[in-house]
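I have placed the structure first, in the form of structure tokens, so that the comments after it can refer back to it.
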Amino acid sequence: MNEDLYKIRHSASHVLAAAVLRLFPDAKLDIGPATDNGFYYDFDLTHKFTAQDLENIEAEMKKIISENQRFECKELTRQEAQELIKKSGQDAFKLGRLADVPEGEKITFYTNGEFADLCAGPHADYTKRIKAFKLLSIAGTYHRGDEKNKQLQRIYGTAFESKEALENYLNQLEEAKRRDHRKLGKEMNLFAIDEKVGQGLILWKPKGAILRQSLQDFILELLREQGYSQVFTPHIGKLDLFKTSGHFPYYKESQFVPIVERDDLNAMAKKGLTMDKFEEEVENGDVTGYLLKPMNCPFHVQIFKSDPHSYRDLPVRLAEFGQVYRWEQSGELNGMTRVRGFTQDDAHIFCTPQQLDEEIQGCLDLVKKVFTTIGMSDYRVRISLRDPNSDKYVGSDDNWNKSEEAIRKAAMSLGVPFTEELGEAAFYGPKIDFVVKDVIGREWQLGTVQVDYNLPERFDLTYIGSDNKAHRPIMIHRAPFGSLERFTGVLIEHFAGNFPTWLAPEQLRILPLGEDVIAYADEVFAKAKKAGLRVSFDASSEKLGAKIRKAETEKVPHMLVIGKKEAEAGLVSIRSRLRKNFEGTHSADDAIAMIVNDAKSRAL
RNA sequence: GCCGAAGUAGCUCAGCUGGUAGAGCAACGCUUUCGUAAAGCGUGGGUCGUCGGUUCAAAUCCGAUCUUCGGCUCCA
């Protein structure tokens with residue numbers, strides 16, 4: 001965002017606050033910055049803002065803008081600032097915000113008209129610089145983003161340097177909604193979420209299943225190339241397994257309640273335990289129970305443990321499309337991108353310290369290959385490192401340094417910009433994530449590679465080194481898609497449902513023209529089917545235009561039009577959304593071969 | 001989980017201040033057999049998310065609850 005636009009938006013947020021104060025003098029102001037897409041301001045007010053209020057506030061803002069107030073910056077001492085805040089009756093949050101300004105830094109107030117706000121600036125010079133703005137929504141938000149704090153009301157808006165730019169942005173929003181995976185998923189019969197089945201639980205419909213299977217096949221191919229072994233593990237495991245791994249009760253809040261054996265349940269019921277006592281017993285007591293797995297790692301660890309290992313066997317790479325279950329808060333659920341049951345394209349690598357660099361590199365290559373094949377170039381890479389001032393991490397400093405260095409080195413080799421975030425690492429090791437945005441600009445983490453020193457320790461994993469002594473292997477967790485559900489959701493939006501041939505649930509449709517050609521068209525249909533294409537036959541008595549329209553709206557990438565002309569010459573006519581160079585008449589065999597190759601090559 | 005909004009036919013939506021539901025598309029049937037994005041006519045389909053309340057009467061008003069959407073928090 002350029003500086004002028006930033007100033008406009010930041011100024012708009014001040015105008016918003018000024019307008020709200022005119023209409024609701026009791027409102028307490030918290031904070032109101034410019035954002036990537038607009039601006040907001042947070043208010044504390046007993047009255048709940050309504051849609052009508054939003055309109056009134058907007059009208060008041062227009063008034064303020066037309067008054068063409070001048071933004072003036074005033075530097076104050078801390079003492080003066082405190083007095084000013086108290087005098088204005090805005091001490092509820094502003095005093096705290098003032099305290100955030102570090103000692104020695106300038107304290108500035110920006111004034112426009114009757115409104116003054118603690119603010120570092122910069123601002124536009126006059127309110128009339130805000131040429132176009134619109135208030136978009138009201139949302140709840142916690143003061144300082146902490147759910148223990150008071151919940152405030154946030155008004156979101158956006159502002160631009162011209163009416164055209166605003167129109168443009170609003171149109172873009174509309175356009176984006178059209179490619180929303182929840183909308184397309186329904187329209188294209190890819191998946192469903194059913195109230196009766198449960199929130200956040202995805203039903204993959206036949207067409208969505210084809211999409212998913214194609215993605216899985218693709219990954220499997222890459223895994224074979226990279227020397228992974230496929231494994232399968234159950235959906236539940238004993239509580240004890242997760243106690244050893246440290247996941248239970250550590251992740252208790254995000255797990256489904258344990259499945260406790262009938263006898264134990266009975267015994268606890270007889271004791272008349274309260275919920276708290278029940279949980280305590282499950283956590284600490286001698287209770288036999290199972291957990292729906294929130295992650296696959298402990299299972300893979302036990303597979304590794306089931307054999308003795310020599311350094312010559314390493315690295316061991318165990319891969320599984322493992323379905324896991326997490327109790328996400330209901331308000332966090334979102335289509336396919338945030339669900340309660342999802343399938344990780346998971347794998348765990350057990351390697352020696354010497355192999356770590358190369359293995360991380362291999363994982364990143366895999367992720368990169370996936371993103372390149374899909375044609376997703378709009379992602380950002382985030383590496384999460386430990387907070388140097390915290391002691392919550394396990395593993396030696398030496399190990400941490402080495403693995404952080406390995407991660408950083410690998411990230412650099414990607415040739416894309418990445419950010420380093422301190423304190424974001426898991427307690428067991430640093431990680432590197434691939435993050436993409438959905439149609440409304442929300443970020444979702446997809447691929448991830450994490451180094452882990454913790455689980456090998458907790459499960460006492462060993463291999464015999466060349467010195468004939470036991471050594472501790474290092475684990476890498478990695479998932480190039482992250483989860484098939486989230487990835488598919490993002491993928492639907494990425495392609496706006498217009499999938500390349502290899503992913504399209506229906507790759508080809510035969511459009512016969514008239515009853516006379518049905519027999520010939522049927523032959524072509526059989527050939528295409530035999531060639532492995534996902535093909536359908538439109539035998540309806542609609543006109544060609546209607547058949548084409550139907551196929552187009554259903555986003556079928558290729559069509560074969562077969563009329564008298566083609567039937568007599570033994571040809572077919574291709575109409576293709578994806579490959580204009582395919583279009584024209586060809587022999588049926590050629591046409592089918594072209595489409596088959598297109599699918600095989602996973603061309604975009 | 002919290003704040004706010006919403007839930008009417010398979011889909012998209014209309015139904016004003018209460019008088020017991022309507023359109024387009026889809027589906028189905030008949031006619032049409034057609035040349036690159038919509039042929040014509042007809043038919044069926046809804047206990048208005050669910051439960052309770054107010055009322056002579058509730059899709060409409062009130063309460064609870066479930067689900068969805070936008071935020072916040074949290075995550076793959």
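Chain identifiers are assigned alphabetically (A, B, ...) following the order of the sequence lines, protein sequences preceding nucleic acid strands; residue numbering begins at 1 within each chain.
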Closest to the R575(A) side chain: C75(B), C72(B), U36(B)? U36(B)
Sugar-phosphate only, base, or nothing, as touched by V339(A) at under 4.0 Å among non-hydrogen atoms: base
Is it true that E359(A) and R317(A) make a salt bridge, defined as a side-chain N closer than 4.0 Å to a carboxylate O? yes
Using atom C1' in both nucleotides, what's the gap between G63(B) and G71(B) to the nearest angstrom? 26 Å
Can you measure N149(A) atom CG to C3(B) atom P for me and round it to whole angstrom units? 15 Å
What's the CD-P distance between E554(A) and G10(B), to the nearest Å? 19 Å
Nucleotide of U36(B), A37(B), A76(B) approaching T553(A) most closely (side-chain heavy atoms): A37(B)
G584(A) near the nucleic acid: base, sugar-phosphate alone, or nothing, with a heavy-atom cut-off under 4.0 Å? nothing
Trace of the side-chain hydrogen bond (donor to acceptor under 3.5 Å, both in side chains) decision for H348(A) with D452(A): CA-CA 10 Å; H348(A) 295 94; D452(A) 185 353; over 6 Å; no
Please determine if a side-chain N or O atom of R442(A) lies less than 4.0 Å away from the OP1 or OP2 oxygen of G71(B). yes
Could you check whether A479(A) gets within reach of a base, just the sugar-phosphate, or nothing at all, counting any heavy atom under 4.0 Å? nothing
Under 3.5 Å, is there an N or O donor on one side and an acceptor on the other linking the side chain of R144(A) and the base of C72(B)? no
Comparing G545(A) and E332(A) on RNA chain B - which has the more 5′ nearest nucleotide: G545(A)
Name the closest nucleotide to the K564(A) side chain, picking from U73(B), G70(B), G35(B). G35(B)
W327(A) or K48(A), whichever maps to the more 5' nucleotide of RNA chain B: W327(A)
Look at atom CD of E552(A) and say whether more than 12 heavy atoms of other residues, nucleotides or ligands are closer to it than 6.0 Å. yes
For C48(B), the nucleotide meeting Watson-Crick or G-U wobble distances (both under 3.5 Å) is none
Out of G35(B), G71(B), A37(B), minimum distance to the side chain of I548(A) belongs to A37(B)
Nearest to the V561(A) side chain among C72(B), A76(B), U36(B), which nucleotide is it? U36(B)
Return the value, rounded to whole Å, for the distance between atom CG of L513(A) and atom P of U32(B). 18 Å
Rounded C1' spacing from C51(B) to U67(B) in Å: 15 Å
Short question: side chain of D433(A), backbone of V435(A) - any donor-acceptor pair under 3.5 Å? no
Can you tell me if NZ on K369(A) sees more than 12 non-hydrogen neighbours from other groups inside 6.0 Å? no
From CE of M295(A) over to P of C75(B), roughly how many Å is that when rounded to an integer? 11 Å
For atom C1', what is the distance between G49(B) and A6(B), given to the nearest Å? 11 Å
Using the C1' atom as the reference point in each nucleotide, state the distance between C28(B) and U65(B) in Å, no decimals. 37 Å
For Y156(A), report the nucleic acid contact type (base, sugar-phosphate, nothing); a contact means any heavy atom under 4.0 Å. sugar-phosphate
Of the listed A76(B), G1(B), U68(B), the closest approach to the I193(A) side chain comes from U68(B)
Write down the distance separating the P atoms in U47(B) and C11(B), rounded off to the nearest Å. 13 Å
Distance between the P atoms of A59(B) and U54(B), in whole angstroms? 16 Å
Are OP1 or OP2 of G70(B) and a side-chain N or O of N334(A) less than 4.0 angstrom apart? yes
Scan I440(A) against the nucleic acid and name what it touches under 4.0 Å (heavy atoms): base, sugar-phosphate only, or nothing. sugar-phosphate
Nearest-0.5 Å distance, SG of residue C363(A) to CD1 of residue I476(A): 5.0 Å
Scan E566(A) against the nucleic acid and name what it touches under 4.0 Å (heavy atoms): base, sugar-phosphate only, or nothing. base
Atom C1', compared across C61(B) and U55(B): separation rounded to whole Å: 10 Å
Kindly say if R338(A) contacts the phosphate of C74(B), meaning a side-chain N or O under 4.0 Å from OP1 or OP2. no
If you look at every strand shown and take non-hydrogen atoms under 4.0 Å, does L152(A) touch a base, only sugar-phosphate, or nothing? nothing
I need the NZ-C1' distance between K186(A) and G10(B), as an integer number of Å. 10 Å
What does G563(A) touch in the nucleic acid at a heavy-atom separation under 4.0 angstrom: a base, only the sugar-phosphate, or nothing? base
Does Q199(A) have a side-chain nitrogen or oxygen under 4.0 Å from the phosphate oxygens OP1 or OP2 of C66(B)? no
Rounded to whole angstrom units, what separation is found between the CZ atom of R178(A) and the C1' atom of U12(B)? 13 Å
P-based separation of U50(B) from C41(B) [nearest Å]: 35 Å
Out of the candidates F371(A), F434(A), F487(A), only one should pair with F481(A) under the ring pair (Phe, Tyr, Trp, His ring centres under 6.0 Å) rule; please name it. F487(A)
Please pick, from U67(B), A76(B), U33(B), the nucleotide with the shortest atom-to-atom distance to any side-chain atom of E195(A). U67(B)
Out of U36(B), U67(B), A27(B), which has the shortest distance to the side chain of K550(A)? A27(B)
Specify the separation, in whole Å, of atom CD of Q450(A) and atom P of C75(B). 12 Å
Give T141(A) one of three labels, base, sugar-phosphate or nothing, depending on what nucleic acid heavy atoms sit under 4.0 Å from its own. sugar-phosphate
Suppose we call a contact any N or O donor and acceptor under 3.5 Å apart; does that hold for the side chain of Y142(A) and the base of G71(B)? no
Does Q445(A) put a side-chain nitrogen or oxygen below 4.0 Å from OP1 or OP2 of A76(B)? yes
For atom NZ of K28(A), decide whether the heavy atoms of other residues, nucleotides or ligands shown that lie under 6.0 angstrom number more than 12. yes
Closest nucleotide among U36(B), A39(B), A37(B) to the R549(A) side chain: A37(B)
May I ask you to check whether over 12 heavy atoms, not counting those of K580(A), lie within 6.0 Å of atom NZ? yes
Counting only side-chain N and O atoms of S330(A), is one of them less than 4.0 Å from OP1 or OP2 of G1(B)? yes
Of the listed nucleotides C72(B), U36(B), G70(B), the one nearest the side chain of S573(A): U36(B)
Taking CD from E542(A) and C1' from U33(B), how many angstroms apart are they, rounded to a whole number? 11 Å
